[in-house]
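Scroll down for the structure; my scribbles are underneath it.
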Amino acid sequence: MIKSPPQKYIPKEFEEKIQKFWTENNIFKKSVILRKGCKPYVFLEGPPTANGLPHPGHVLTRVMKDLILRYHAMNGYYIERKAGWDTHGLPVEIEVEKKIGLKDKQAVEDYGIKKFNEKCRKSVFKYEAAWVSITDRIGFWLDMSNPYITLKNEYIESVWWSLKQAWEKKLLYHGHKVVPYCPRCGTALSAHEIAQGYKTVEEPSIFVKFKLKKEDAYFLAWTTTPWTLISNAALAVHPDETYIKVRYNGQTLIFAEERAAVLLKGQEYELLDGFSGKKLENVEYEPLFNYYKPDKKAWYVICADFVTMDDGTGIVHIAPAFGEDDYNVGKKYELPVIQLVKLDGTFKDEVTLWKGQFVKDADPNIIKHLEERGLVEGVKEYVHEYPFCWRCDSPLLYYAMESWFIAMSKVQESLIKNNDQIKWYPKHLQQGRFGDFIRDVKDWALSRNRYWGTPLPIWTCTNKTCRHRICVGSIDELKSLSDNFTDDYDLHKPFVDELIVRCPKCQSEMKREKEVIDCWYDSGSAFFAQWHYPFENKEKFKENFPVDFISEALDQTRGWFYSLLAISTFLFDENPYKNVLTLGLVLDKDNQKMSKSKKNYVDPNIILDHEGADALRWYLISANAPWVSTRFYEGAVKDTFGKFILTLWNSYNFFTTYASLDKFDPKKDIIPLKSRQFLDKWVLSRFNKTITEVRKYVKTFEIHKASRAIESFVVEDFSNWYLRRSRKRLWVEEKTDDKLSGYSTMYDVFLGLSKVLAPFIPFITETIYLNLRTDDMSESVHLCDYLEPNEKQVDEKLEEGMERIRTLVEIGRALRSKIGIKVKYPLNSATLVCGKDIEDSIKDLLDLLNEEINVKHISFARDTSQFMTKMAKPNYSSLGPKFKDKAKIILGKIESWDKIELYEELMKNKEIVIELDTEKIKLTKDDFETIEKEKEHVAFAEVEDMTLFLDTVLTPELEAEGFAREMVRRIQSMRKELDLDVEDKITTEVKVDPDRKKALQQWEEYIKGETRSKKITFVEKPTGRLVKKWTIDKLVAEIGIDK
RNA sequence: GGGCCCGUAGCUUAGGUUGGUUGGAGCACCCGGCUGAUAACCGGGAGGUCAAGAGUUCAAAUCUCUUCGGGCCCA
């Protein structure tokens, strides 16, 4: 039996109750088991790290994932929802370093790597409880009891296996990478570390001359880091830019034409020659210094796209040891990496002039030296951003460090091909940000000189004559190679480094490369490593590859989305996921990124407590397209709660209040559809069309459109029109068929809505469903099938008619407001001018219009002539294309005509002639539009194809009736003031002036009925429990009522 | 420095692919109405240089370019 729930909806209380219901009845588990054996929809969870607290962005991704998964589950797919945790990486180490007060890597090693990593292992799950709690609280159904965890031996083993595949395909190699490096701390810094250390500094920059080998001319280059000139290996030009040779100040210089204006401003010079950068390629020059004897060809011109014309000379000095661009282009041209700086940032002994000096301090001396040699064309102070170490404030050096790489550039074509197989939402990312990235893919710098991570499984033989290298691909392999492998192994450092591994070639001891790997590689392996593939679950992996759906925020594009594709491409040459939904960032009220330091961070828990998970979910889902950034603040969620969640609840509450009063039984009292009212059929038609829309939009992840379609149905169609128009049907005492027809429809809609909305707002829908379900239905709405639209219930013609009626009501009310006659006062007649088809479409629904705008009779007419005067005005979209630039002058001429005359002339002659200079221009009917003005005692309003006329004459009879309704309203409000029950009878005493008394007496029965008055008496001094004086249209009336 | 996305009323936004007379809506505000859904509802009003500038066109929120602002990613 349908119960009447409490009036007030307190989100936290209600949602906790549902949570309890789910837990106690194992609903989540049942929802998975229910679909076992069905077609799978494979989801892969992007593993968060529980090293920090979840923030609003995580809430958004979790809500969106949950919605998509619930939707597919209800549509009959089998979905495993395995949780995952990302557990390695620098942020974890830094957190631990801070906690135990370790300043640098040396301090970590002194502290002991074993102890340190144990701390990391614990730290990683520091906030697990907070994660689990918020995941539950927002209703994200995820199997957190059996997650994949990147630090587990099994997981690491799978990762190792994949690295060995790369090794065997010759994709894993040892090379250099230029990284920002702190010479004092002796460590490379990661991107986010340098981000916090940028400072604006003013430093000398110099223009340096490099003499050509075969010609008495100089290349002019510019640098902000004079100390790198010692390690110069080449000069770079842009292949497509123009370079010039000029005679200036008694010497011949070569540089970019575009820079000449700035460099030689106001100077005299002679232009000798001009050529493209490409022409300069391979031209050799004399090295500035001879501290280095290159083993490869050096000191010649190369071409590079990164050379800009924004500053400098258009010729860039290249030192592969000290710049990433330099290093990469150096590799392309096989330039030597000239490394004359020690790891402590001082020059090596070979640099005789400055040996032992810190490079930055040597800058002035180097400049002086070059000036003395006549090789400096100018020095200027240059202001720019330069990175400093956030720990010790030393200037950082870009330094080529040894590193392990995966040669992604070798599989670039496959990357592109596999990316093309993926469906990206939004689409532009595929060829845009992501496509650009992989078309310009760099080798993946895999190794990290750190402690807490998956160890790089590469061992090198210590025997200098052997030097054999192996990549270990499994635990068994490692076991067989080592002498001291124990059963309580842990594949992290220091265990792996303490193993005594024998070289398979020479039996000498091998040593592991000391690095760990990038933790992006860990998470990017999730699609196979979560199954411990290929050591276990081979079948399972096959079934779950490629994954159907992943979704994370935009910042993961080149993070996880890339690492998955990269690994899957070189392992299997296939795309790892079919659909990827990229979500926009969650920003604060002022469009700023949320961060704890800015203190603009909104704690989702506060909102969950006040507005609840449903309101939070609905806001995040409906506010914006998923891929657009969303502002997040409590006020916004509060609005959502009031507008949508409460409207839904109030509507539902209205229905259940009456349905339970009448003991409506869905098993017995349902009226068949064909016997229901037009209004009922209409709302069901709208509902079914809404389902179609929702299904269409969810398919393309246009979730905002899906939710807006539902919201509009619930608020506009169902609540504000259907229920409002149905209220009176429920007020009759008896169980009429009409009333049951209304109940049946409301029941259908609410039960339906609970299913349609279940993936979106799982809590309130469950509350509604549990109350409405009969015992032959599933025990939870989340075990139901999603709704398919019932085409038979869609009635386009009825919808069209209702749309017209609603439009007419709207313009009718506006019209009454305009003419100043309240809706309470009935009017005699309304006439609707429209076509026959429109008349047919609305004639069954006229009662609704009648009541809403309160007129006695509505009639139809085919034309407006009896009410209107016609006029003509120019039609811009016809005149524009016809007369182009003359249109404006013609319009000017037409404006001076009287509009009524214009119309009559047009009707009479079928054309209007306009004289334009010597030309006569003929305008036809198509060049005009007709407008109309109403006659006396008539008010009108029009929309597209209908015009509504009201007879504005208010007769004494009509006024009396209106006055009676005014009285009824007053008495009703007095009843309410006394807090009377709907059923209570009253006696009423009234004092009005004699004229009004007469008028009211005609409506006595009506007033009695409406106000449940046993009798009404007209007295001089009304008495009763409540007596009030009212002023109605300037007339005073006194009313007393008594129970 | 490079790439991509975004900018419409005080706030949240629709429209933009296909240029066309007056750029829709909700919240908040003001006026009026309604009153057994009341944290509601209905009608009206005020509020917009569609970020700015330029171009294409008879006609630009819409197409193109530039600038500014915000965001993300990569340097």
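Naming convention: chains lettered A, B, ... in sequence-line order (proteins, then strands); numbering from 1 in each chain. In what follows, every heavy atom counts, from backbone to side chain, and hydrogens, waters and symmetry copies are set aside.
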When the C1' atoms of B:G10 and B:A75 are considered, how many whole Å apart are they? 39 Å

Polar side-chain contact A:T647-B:A40 base: donor and acceptor under 3.5 Å: no

Paired nucleotide for B:G7 [Watson-Crick or G-U wobble; both distances under 3.5 Å]: B:C68

Can you see if the side chain of A:N720 gets near the phosphate of B:C42 - specifically, an N or O under 4.0 Å from OP1 or OP2? yes

What nucleic acid atoms does A:F655 come within less than 4.0 Å of, heavy atoms only: base, sugar-phosphate, or nothing? nothing

Pairwise distance CG(A:D717) to CZ(A:R806) - rounded to 0.5 angstrom: 5.0 Å

Look at the aromatic rings of A:Y619 and A:F632 and report parallel, tilted or perpendicular, splitting at 30° and 60°. tilted

How is A:E852 classified with respect to the nucleic acid when contacts are heavy atoms under 4.0 Å: base, sugar-phosphate, or nothing? nothing

Same-atom distance (C1') from B:A52 to B:G45, integer angstrom: 31 Å

Taking CG from A:L723 and P from B:U38, how many angstroms apart are they, rounded to a whole number? 12 Å

Which value, in whole Å, describes the distance between the C1' atoms of nucleotides B:A61 and B:U13? 14 Å

Checking B:G36, B:C72, B:U35 against the side chain of A:L585 (C-beta onward), the nearest is B:C72

Measure from CZ on A:R439 to C1' on B:C4 and round the result to the nearest Å. 12 Å

Does a donor on one side chain and an acceptor on the other come within less than 3.5 Å for A:R439 and A:Q431? yes

Distance flag, aromatic centroids of A:F434 and A:F561, threshold under 6.0 Å: no

To the nearest Å, give me how far apart OH (A:Y722) and P (B:C42) are. 18 Å

Grab the CZ-C1' distance between A:F713 and B:G26 for me, whole Å please. 19 Å

Whether A:R708 side chain and A:A623 backbone form a donor-acceptor pair below 3.5 Å: yes

Please measure how far the P atom in B:A60 lies from the corresponding atom in B:G53, and state the result in whole Å. 14 Å

What's the closest nucleotide to the A:R969 side chain, out of B:A37, B:G26, B:U35? B:U35

Ranking A:T630 and A:H428 by the position along RNA chain B of their nearest nucleotide, the one closer to 5' is A:H428

Taking B:G19 as the reference, what is the distance to B:U64 when you measure between their C1' atoms (whole Å, please)? 13 Å

Taking any heavy-atom pair under 4.0 Å as a contact, classify A:S973: base, sugar-phosphate, or nothing. nothing

Suppose you measure atom P in B:C41 against the same atom in B:G26; what distance do you get, rounded to whole Å? 10 Å

Between C1' on B:U13 and CD on A:E711, what's the gap in Å once rounded to a whole number? 12 Å

Can you measure A:W520 atom CH2 to B:C73 atom P for me and round it to whole angstrom units? 10 Å

After noting the C-alpha distance and the side-chain angles of A:F713 and A:Y722, does the key distance pass the ring-ring contact (aromatic ring centres under 6.0 Å, His included) rule? CA-CA 10 Å; A:F713 169 77; A:Y722 174 80; 9.1 Å; no

Can you find an N or O donor on one side and an acceptor on the other, under 3.5 Å apart, linking the side chain of A:R724 with the base of B:A37? no

C1'-based separation of B:A28 from B:G47 [nearest Å]: 11 Å

Heavy atoms only, 4.0 Å cut-off, all strands: where does A:R813 land among base, sugar-phosphate and nothing? sugar-phosphate

Between A:E810 and A:Y9, which is nearer to the 5' end of RNA chain B once each is assigned its nearest nucleotide? A:Y9

Does A:E611 reach the main-chain N or O of A:E634 with its side chain, forming a donor-acceptor pair under 3.5 Å? no

Report which part of the nucleic acid A:Y658 touches: base, sugar-phosphate, or nothing (heavy-atom distance under 4.0 Å, all strands). sugar-phosphate

Applying the 3.5 Å cut-off to both distances, the Watson-Crick or G-U partner of B:G36 turns out to be none

Whole-Å distance, A:R727 CZ to B:C41 P, equals 12 Å

Are any side-chain N or O atoms of A:R816 and backbone N or O atoms of A:I821, one a donor and one an acceptor, separated by less than 3.5 Å? yes

When the P atoms of B:U17 and B:A51 are compared, how many Å lie between them, rounded to an integer? 15 Å

What's the closest nucleotide to the A:K822 side chain, out of B:G26, B:C11, B:G33? B:G33

Identify the nucleotide, in any strand shown, that forms a Watson-Crick or G-U wobble pair with B:G20, with both distances under 3.5 Å; if there is none, say none. B:C58

Quick one: A:L396 CG to B:A75 P, roughly how many Å, whole number? 16 Å

Taking the side chain of A:K643 as heavy atoms from C-beta outward, which of B:G26, B:A37, B:A14 is closest to it? B:G26

I want to check one thing: is the phosphate of B:A39, taken as OP1 and OP2, less than 4.0 Å away from some side-chain N or O of A:N650? no

Hey, is the side chain of A:R433 poking within less than 4.0 Å of OP1 or OP2 on B:C72, counting only N and O atoms? no

